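Scroll down for the structure; my scribbles are underneath it.
Heads up: numbering here begins at 1 and tracks the sequence. Note that the structure is a prediction, hence the values are computed from the model and not measured.
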Amino acid sequence: MLYAIQWDPSLGLDIGFFMIRYYSLMFLIAFGAGFYIMKKIFSKEGVSLEKLDKLLIYTILSTLIGARLGHVIFYQPELFLEDPLSVFLPVSFVPEIEFTGFRGLASHGAAIGIAIGMYFFSKKVMQKPVFWILDRIVVPVSLGAGFVRVGNFLNSEIVGKATTSDFGVVFVQLGESFPRHPAQLYESICYFILFTVLSFLFWKTNLKQIKGVLFGVFFASLWTIRFIVEYVKEPQVADRADWIFNTGQLLSLPMILIGLGIIYFSSRSNAKA
């Protein structure tokens with residue numbers, strides 16, 4: 001028989017003069033693991049490791065800027081008028097000054113930000129086609145996405161819908177006593193599986209020789225996972241709860257089509273070559 005898990009962790013590790021928040025720690029693990037994986041990829045492909053530091057900077061900035069702007073544009077556009085400085089700073093100025101950290105980060109915005117960042121990285125640093133770096137960076141990005149969702153679970157945020165049964169997780173910090181789907185963990189497990197699949201395709205097959213295919217597989221798969229898991233998530237925007245598809249699903253649909261389109265046209269171009 002399944003029983004609900006009472007989930008009431010601290011939000012961070014208190015070391016006296018400073019608290020290491022677990023959500024931030026998951027981001028550090030994601031970027032650290034990504035750096036290690038890309039180091040192995042660069043070494044295998046004979047790329048100078050001096051370019052790796054620049055890749056890390058491009059990735060961090062494009063991820064955080066894209067994720068933050070994505071959240072505000074897609075979920076909280078009123079901030080542009082009500083508290084514009086909080087869009088770019090980890091501080092709220094309305095109704096009073098308060099350090100908040102970046103409470104809202106959207107994965108769709110992060111994906112767009114990373115794609116744009118990799119375009120400039122490929123032109124200014126690599127002098128290679130943008131798909132060369134995109135086909136490779138999707139391996140660590142898929143792993144990082146899993147860690148970020150674990151961070152959401154630790155933070156008791158982006159929660160699932162009530163299970164209406166004894167199965168699930170009771171998020172005590174939300175002041176609730178009923179179990180919900182651990183949607184964050186569903187999503188993170190799927191991303192870890194995607195990481196395993198992409199790692200196999202990169203290291204054990206020749207698909208990386210067909211520019212764009214691995215990126216297309218990643219894009220179509222990632223957003224299909226997101227689209228499906230959204231069915232057991234609480235809507236992030238309450239007044240959109242009665243929509244046929246929620247905001248996350250509506251944003252995922254074009255991403256899935258883009259991924260499938262990239263696979264098709266990349267494979268077709270390779271067949272003609």
Can you name the nearest heavy-atom pair linking [X] to [Y], along with the distance?
{"X": "G160", "Y": "E234", "answer": "O-CG, 3.6 Å"}
{"X": "E187", "Y": "I225", "answer": "CG-CG2, 4.3 Å"}
{"X": "I133", "Y": "S122", "answer": "CG2-CB, 4.2 Å"}
{"X": "A106", "Y": "Y75", "answer": "CB-CE1, 4.1 Å"}

Note to self: Whether K208 engages the ring of W132 as a cation-pi pair (distance to the six-membered ring centre under 6.0 angstrom, angle to the ring normal within 45°) should be assessed.
What the structure shows: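 No - K208 does not lie over the ring of W132 by the 6.0 Å and 45° rule.
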Next item on the list: Cation-pi check, K211 to F131: give yes when NZ or CZ is under 6.0 Å from the six-membered ring centre and within 45° of the ring axis, no otherwise.
Entry: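 Cation-pi check for K211 and F131: fails.
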4.5 Å side-chain heavy-atom contact, [X] and [Y]:
{"X": "F195", "Y": "I193", "value": "no"}
{"X": "L174", "Y": "V159", "value": "yes"}
{"X": "R226", "Y": "K233", "value": "yes"}
{"X": "R136", "Y": "L214", "value": "no"}
{"X": "N155", "Y": "Y22", "value": "no"}
{"X": "Q249", "Y": "Y231", "value": "yes"}

Looking at [Y], is its backbone amide N or carbonyl O close enough to the side chain of [X] to form a donor-acceptor pair, meaning the two atoms are under 3.5 Å apart?
{"X": "W7", "Y": "Q173", "value": "no"}
{"X": "S266", "Y": "I263", "value": "no"}
{"X": "D8", "Y": "V172", "value": "no"}
{"X": "S62", "Y": "T59", "value": "yes"}
{"X": "Q76", "Y": "I73", "value": "no"}
{"X": "Q184", "Y": "E157", "value": "yes"}
{"X": "S221", "Y": "F218", "value": "no"}
{"X": "R149", "Y": "A145", "value": "no"}

Using ring centroids (six-membered ring only for Trp), state whether [Y] and [X] fall under 6.0 Å.
{"X": "F192", "Y": "F147", "result": "yes"}
{"X": "F219", "Y": "F215", "result": "yes"}
{"X": "Y23", "Y": "F27", "result": "yes"}

Margin query: Other residues, nucleotides and ligands only: do more than 12 of their heavy atoms fall within 6.0 Å of NZ on K51?
Written below: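 Enclosed.
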Check: Looking only at side chains, do T163 and R180 share a donor and an acceptor under 3.5 Å apart?
Finding: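 There is no such pair between these side chains.
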Next item on the list: Classify the ring geometry between H108 and F74 as parallel (under 30°), tilted (30 to 60°) or perpendicular (over 60°).
Entry: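 Answer is perpendicular, since the angle exceeds 60°.
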